[in-house]
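This report concerns only the one structure given below.
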Amino acid sequence: MSIRVQNIVKRFGDFVALDDVTLDFPTGELVGLLGPSGCGKTTLLRIIAGLESADRGQVFLDGGDASSAHVRERQVGFVFQHYALFRHMNVFDNVAFGLRVKPRRRRPPESEIRRRVRELLELVQLDWLAERYPPQLSGGQRQRVALARALAVEPRVLLLDEPFGALDAKVRKELRRWLRQLHDRLHITSIFVTHDQEEALEVSDRVVLMNQGRVEQVGTPEQVYEQPSTPFVYGFLGAVNLFHGRIDGQHLQVGVENLSLGQHEFQVGAEALGFVRPHELEIDTDLAQGSGLEARVERVLTLGATTRVDLVGADHAAGRHYEVELPRDRITALGLVVGQRVRLKPARIRLFSPPRPTERTPCAPDGDLVGGYGENI
Amino acid sequence: MHARAARRVLPGFPLALGYTLVYLSLIVLIPLGAVFLKTATLGGEQFWAMVSAPRVMASYRISFGLSLLAALINAVFGLIFAWVLVRYRFPGKRIVDALVDLPFALPTAVAGIALTAIYSGNGWLGQWLEPLGLKVAFTPLGILVALTFIGLPFVVRTVQPVLEDLDTELEEAAASLGADRWQTFWRVVLPVLTPALLTGFALAFARAVGEYGSVIFIAGNVPMVSEITPLLIITKLEQYDYAGATAIAVVMLVASFALLFLINGLQAWTSRRHGSI
């Protein structure tokens, strides 16, 4: 079933949680709502579910206006970050809850309920825990019970609010893959909210990036990662190095140094922000070379196949931090030593106009741009 | 216990336990033991005659019956009270919150006199109720009002913290699964609150059984009709019938203990059932 939200506005006092949001969620897709904390994604999800009402705008479920329908009538499955399991009921009764509260006329017979619940528990691979109570389960198991409970009423859409947010990294990764497989089997239109870009990119068919109550970009994981349309998206979807400078023909003039650019549409003399991903930055140990930015190696960190090099800017750029990711053998070839001076050369720079001071700043804490606007792992 | 086996941060399990036992003995066990000893000076037959006299039997019915009823009323309205205090924001909320504790702090005699003045035939409320055939002061109904008054804080204060911990997400989850308001209340909210509600009920009941000060003013103290057991004990004491007084006290003590034991058992059972392991 398709979902459409149109011109949704929601305020909490002076705080604008959603600022005129219009989005389409096509049938059968798994869409990730991604953004920093406090940027309206959970509010949007709750408005779609009917747990919150918008100040303005409409929600269409399957083409019909559901804006004034109660959450009971919307037939949405909602999965909460902290599971919201009924702790006085065992796993079986939790899953059966939605079936047992149906009006007598529509309630299936108890034998049918038992069969359905058992089927769902098998689907989430927890049939052996049917008699347990929620406090006796691990976080991952609880969230799977919550999912089975939401699926029991055969919802038209499935909404998941930071479903893996309260779990540890390893379980989170497992459940992500599992959720993807589950969706491939059921094909139920699903939206899930997350602030973890890796999670969104890995699980979703499409990603909606939100910031400060507005949609920044919508696209497949590849599109948003490879062609970020705003500086915010660029910064949020992974670590970036930021170079603030002025366009000088085929160069970006940063202080007294310059970085070579490819094709661009900026005018000479325009101010620009250059974004470079850590793996797009080259290290040159030959300081005599003309272009590139001088920096000092601060730390060399090998994690798996890639090596991360942390650097600080030299001279006029002192205090600025940079991050470079290189294959392991390349590092060995370079033979970097802590404290060594090198030149940084971007293989690819993406340029954006600097934000005007009147524009709102992103709401995630962003300090120096290494590490991105948002959290990154 | 293995005091040496486990090294704790704070010292002294033996000290703490010893202190607890001495304290319990001095404050609770020895005085109560004396009650039993004094009662033992009566023979079995005399004892039975004393505690099963018609007037005494009537007072049991009044004391225990009305206390249970008052605790029940408090359980219902205390729950609503706590719900309003936890879930809503309204002007004067803090004052209302503070007022709940007033029955704790007020000397019970003051409460009794105040209630009597309001509910008597020419009182503020009494003058409107009496024409309707509702006589409150100097009847068992008046006792019920007094017992309800003094028991209110117990239910509110035991349910309140549990309600504060109760996530609204649970209700949202129930609603999203199609449950209506009643189903959400009966199946999701109430089961979680039951243990706390039972504790509050037990406390309110225990307090009501032992209440003396506020009741004697409003009760009218008509033998066989509106005479509570504690009053009978006082009466016996004033007649220097110490053994008789303690005999009735023993019956109250045993009955109260049995009832509290039962309620606590029920409470433990419900909280175990509710998976708080």
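Proteins get letters first, then strands, A, B, ... in listed order; numbering begins at 1 in each.
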F205(B) and F201(B) aromatic ring geometry - parallel, tilted or perpendicular at 30°/60° bounds: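 F201(B) and F205(B): parallel rings.
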F185(B) and W182(B) aromatic ring geometry - parallel, tilted or perpendicular at 30°/60° bounds: perpendicular
Non-hydrogen atoms of chain B under 4.5 Å away: do they reach the side chain of [X], the backbone, both or neither?
X       : result
L85(A)  : backbone
R74(A)  : neither
A152(A) : neither

NZ or CZ of R149(A) within 45° of F86(A) ring axis and under 6.0 Å: yes
Salt bridge (Lys or Arg N to Asp or Glu O under 4.0 Å) between D167(B) and R87(A), intermediate numbers included: CA-CA 12 Å; D167(B) 218 322; R87(A) 46 183 295 149; over 6 Å; no
